[in-house]
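Below you'll find the structure, written out as C-alpha cells, and then a few comments.
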Amino acid sequence: MVLEQLMELAEKERAARKEICIRCCMAAGCMSSRATEIKEAIEKAAATKGWVDRIEVRRVGCMSACGQGPIVSVEPSGLLYQRITPENARSIVEALTGGKVEAELGDPEHPFFSRQTPVVCVNSGRIDPERIEDYIEAGGYQTLHHVLSEMRPAEVIDAVVRSGLRGRGGAGYPTGLKWGTVAKSAGARKYVVCNGDEGDPGAFMDRSVLESDPHRVLEGMTIAGFAVGADQAFIYVRAEYPLAVSRLQTAIRQAKQHGLLGNGIFESNFNFNIELRIGAGAFVCGEETALMASIEGKRGQPHPRPPFPAQSGLWGYPTLINNVETYANIVPIVNKGPEWFASLGTEKSKGTKVFSLTGKIRNNGLIEVPIGITIREIVEDLGGGAPDGAKVKAVQTGGPSGGCIPAGYFDTPVDYESLVSLGSIMGSGGMVVMDEHTNMVDVARFYMQFCMEESCGKCIPCRAGTVQMYELLTKIVERRGTIKDLEQLEELCDLVKHTSLCGLGQTAPNPVLSTLRYFKNEYLELLSEQ
Ligand SMILES: Cc1cc2nc3c(=O)[nH]c(=O)nc-3n(C[C@H](O)[C@H](O)[C@H](O)COP(=O)(O)O)c2cc1C
Ligand code: SF4
C-alpha cells in the first residue's frame with residue numbers, strides 16, 4: 001500500500017457514511033448482556049422501516065460506562081441509551097420519527113463522560129474494531145507512513161523521550177529510555193513484545209483497548225519496531241480474553257492484507273511481522289521475564305535480572321517489552337507531537353491514564369483521565385460516590401501489588417510518585433472502591449489469597465510466605481488471631497518483600513502493609529483476648 005491508496009480508502013469510507021449512525025457497544029461487558037441481539041433488533045427495526053439507506057448500525061468498542069450497559073449512541077442527535085434490552089431496542093429506531101422511547105436515556109454530558117480526556121480511547125466506542133477501513137478513516141496508519149517516510153529511528157526515540165511517556169504496565173519506567181537501550185543493544189536480531197497479560201483482579205483496561213481499537217496497538221508496535229530495529233513482534237494475551245484475541249487476529253490479518261504488516265511496508269525497506277501468543281491466565285506471566293519464557297514455550301517462571309530484556313530477552317536477543325496502553329500512546333505522541341503529550345499530566349508523569357473504576361461506586365466502567373487528577377475527582381465527580389448513600393472508605397489501586405488509600409487522602413493527585421508515597425502504586429490502572437461496610441482486613445486477605453494461588457513457587461519466601469501470611473490473616477478475620485500473630489504477620493511482610501525473586505513476591509505484602517498503616521484499628525478489633 002502507498003499513501004494515496006490509504007487516503008483513497010479513507011475517502012471512500014467517508015463517502016459511504018449514512019445520515020444516521022447508531023453505534024452499538026460490542027465490547028465484552030455489553031456482549032455479555034445480549035449486545036448481539038440488541039444490534040440485530042435495531043438492524044431489523046431499521047429494515048422494517050425501509051431505512052437501511054439512511055441508518056448505519058455500527059458495531060463499536062467500549063463506550064466507557066460499562067456499569068450502565070448495554071449502551072447505544074445515536075448520531076447526529078448525540079443521544080445515549082443505556083441498560084437496553086433486545087425487547088426495547090427497536091424503540092431507538094422508532095424514536096427517530098417521534099415514536100415513544102422505551103429504552104432508558106443516558107446523559108452524555110454527565111461528568112463521568114465530560115471529565116474524561118480520551119487519548120488512548122479516542123476511537124473506542126466510535127469505530128468498528130473489526131474493520132481496518134474504520135481505523136483508516138479515523139486517520140489510522142498515517143502516522144506509520146509519516147514515520148517510515150520522514151523520520152529516522154533516532155528521531156522517533158527522541159520524540160518518545162521528549163513526550164515523557166512512562167510505561168503503563170505498572171512500574172512507570174520511562175518508555176523512551178527503554179527504546180533507546182534496545183536500539184543501542186547489539187544483536188543479530190531484535191524483538192518487540194506487547195504485554196497484554198493483565199492479570200490484576202478488577203483490571204480490564206488493556207482488554208478494552210484491544211477489543212475496541214486493536215489497530216492502534218499494532219501501529220504503535222510497528223513504529224516501535226522501526227525505532228529499535230526489530231522485525232518481529234509478539235502480542236501476549238490471556239486465553240480468558242477471547243474477544244480481544246479474535247479482534248487482534250482479525251486486525252493482524254487485515255493489516256497484512258493491506259501491506260501494513262509484512263515486507264516493505266509503505267514501499268520502504270522496513271519489514272515487520274506481529275504474531276499472537278495466547279497465555280493460560282497466570283498472573284505471574286505478566287512479569288516480563290516469565291512472559292518471555294512463556295513465549296519461548298518454557299514454563300512461565302521469572303528469572304533474575306540482569307540481564308534485562310532490553311539487553312538479552314527473547315532467545316537471548318535484545319527485546320523491547322511494553323504494555324498495551326504504552327503502545328497505544330505512540331500514535332498520538334508522534335502525530336500530535338511530544339510537546340502536546342507532555343502538556344497533559346504533571347511534571348513527572350505525562351499524558352493520560354486509563355483506569356477501570358470498579359467496586360462500591362455508582363458509575364463504574366473504563367475511564368481515561370489526565371494524570372494528576374485527584375482521587376476525589378475520580379471517585380466523587382466521575383464515579384458519583386458509593387451507591388445507596390454509603391460513605392466511600394478507601395480506594396485500592398495497583399491490584400495485588402498496590403495498596404488501599406483511605407478517604408482522608410483523596411485530595412492526592414493520581415500520579416506515580418504520589419501514590420507510592422501513600423504506600424500504594426498507580427499500577428496498570430485497576431481502581432477498586434470500598435465503602436464503609438468493607439472490612440479492610442478481609443480485603444488484605446483477598447489479595448493475599450490471590451498472590452498465594454498465583455505464586456509460581458520458584459522461590460521459598462514467596463511460595464511459603466504467602467501461605468503463612470494468608471493463614472495468619474484468616475485467623476485474624478475469624479477472630480482467632482492474637483497480638484503475636486499480628487507481629488508475626490508484620491515480620492513476614494518485611495521478609496517476603498525483601499527476599500522474593502520477582503515483583504509478585506516483592507509486592508505481595510503491600511495490601512497488608514497499607515491496611516496496617518491506615519486501618520490498624522480494624523486488625524486490633526478482630527484480635528481475640530488470648
Ligand atoms: C507479577 C507481575 C505481573 C505483571 N503483570 C503485567 C501485566 O499484566 N501487564 C503489563 O504490561 N505489565 C505487567 N507487569 C510489569 C511487566 O513486568 C513490565 O514491567 C511491563 O510489561 C513493561 O511495560 P511498560 O514499560 O510499558 O510498563 C507485571 C509485573 C509483575 C511483577
Ligand atoms: S516471587 Fe513468587 S512468583 Fe516470583 S519467582 Fe518467587 S515464587 Fe515465583
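Hydrogens, waters and symmetry mates play no part in the numbers below; they use all other heavy atoms, side chains included. In listed order, ligands and their atoms are each counted from 1.
Atoms of ligand 2 lying under 4.0 Å from any heavy atom of Gly457, numbered from 1 in the order shown and given with element: 7 (S), 8 (Fe). Heavy-atom contacts of Ser500 reach the following atoms of ligand 2: 1 (S) (cutoff under 4.0 Å). Close approach to Ser455 involves these atoms of ligand 2, each under 4.0 Å from a residue heavy atom: 2 (Fe), 7 (S). Applying the 4.0 Å criterion to heavy atoms of Gly505 picks out, from ligand 2, the atoms 1 (S). Within ligand 1, the atoms closer than 4.0 Å to a non-hydrogen atom of Arg168 are 26 (O), 27 (O), numbered from 1 in the order shown. Those atoms of ligand 1 that come under 4.0 Å of a heavy atom in Ile321, given as number and element, are 22 (C), 23 (O). Close approach of ligand 2 to Val284 (heavy-atom distance below 4.0 Å) involves ligand atoms 3 (S). Residue Gly503 approaches ligand 1 through these ligand atoms, each under 4.0 Å from one of its heavy atoms: 31 (C). Near Asp197, meaning under 4.0 Å from one of its heavy atoms, ligand 1 places the atoms 8 (O). Every atom of ligand 1 with a heavy atom of Glu287 under 4.0 Å away is listed here by number and element: 2 (C), 3 (C), 4 (C), 17 (O), 28 (C), 29 (C), 30 (C), 31 (C).
Enclosure of atom CZ in Arg189 by more than 12 non-hydrogen atoms of other residues, nucleotides or ligands within 6.0 angstrom is indicated. In Glu275, the CD atom is crowded: over 12 heavy atoms of neighbouring residues, nucleotides or ligands sit closer than 6.0 Å.
Of the possible donor and acceptor atoms, none in the side chain of Lys178 sits under 3.5 Å from a partner among the backbone N and O of Ala310. For the pair Thr319 (side chain) and Leu314 (backbone), a donor-acceptor distance under 3.5 Å is present.
With contacts defined as side-chain heavy-atom distances shorter than 4.5 Å, the pair Leu501/Cys462 does not qualify.
Taking any N or O of Glu198, backbone or side chain, at least one lies under 3.5 Å from an N or O belonging to ligand 1. Looking at ligand 1, you won't find any N or O of Tyr173 less than 3.5 Å from one of its N or O atoms.
Remark: aromatic rings of Tyr141 and Phe266 are distant, center separation not under 6.0 Å. The aromatic ring centroids of Phe270 and Phe272 lie less than 6.0 Å from each other.
The protein atom (non-hydrogen) at minimum distance from atom 19 (O) of ligand 1 is Glu288 OE1, 3.6 Å. Among protein heavy atoms, the minimum distance from atom 11 (O) of ligand 1 is reached at Asn323 ND2, 2.8 Å. Residue, atom and distance of the protein heavy atom nearest to atom 21 (O) of ligand 1 are Asn195 ND2, 2.9 Å. In terms of protein heavy-atom proximity, atom 4 (Fe) of ligand 2 is closest to Cys502 SG, 2.4 Å. In terms of protein heavy-atom proximity, atom 3 (S) of ligand 2 is nearest to Cys456 N, 3.5 Å.
Looking at Gly172, Gly169, Gly286, it is Gly286 that brings a heavy atom closest to atom 16 (C) of ligand 1. Comparing Met292, Arg305, Arg238, Lys178 against atom 25 (O) of ligand 1, the shortest heavy-atom distance belongs to Lys178.
For atom 4 (Fe) of ligand 2, the N/O/S atoms of Cys459 include none lying under 2.8 Å. Distances from atom 6 (Fe) of ligand 2 show that Cys462 has no N/O/S atom below 2.8 Å.
Contacts with ligand 1 closer than 4.0 Å are made by side-chain heavy atoms of Thr326 only, the backbone lying farther away. At a 4.0 Å heavy-atom cut-off, ligand 2 touches Leu501 through backbone and side chain alike.
Between Glu454 and ligand 1 there is no heavy-atom distance shorter than 4.0 Å.
Contact record, Cys404 with Tyr518: O-CD1, 3.5 Å, taken as the closest heavy-atom pair. Summarising the geometry of Pro214 relative to Ser212, their closest heavy-atom pair is CD-C, 3.8 Å, with the distance given to 0.1 Å. Heavy-atom minimum distance, Gly430 versus Met205: N-SD, 3.9 Å.
A salt bridge is absent between Glu240 and Arg207: the closest approach of a Lys/Arg side-chain nitrogen to an acidic carboxylate oxygen does not fall below 4.0 angstrom. Taking 4.0 Å as the cut-off between side-chain N and carboxylate O, Arg166 and Glu417 count as a salt-bridged pair. Under 4.0 Å is where a charged nitrogen must lie from a carboxylate oxygen, and between Lys520 and Glu522 no such pair does.
For the 3.5 Å distance criterion, the side chains of Gln254 and His215 qualify, holding a donor opposite an acceptor.
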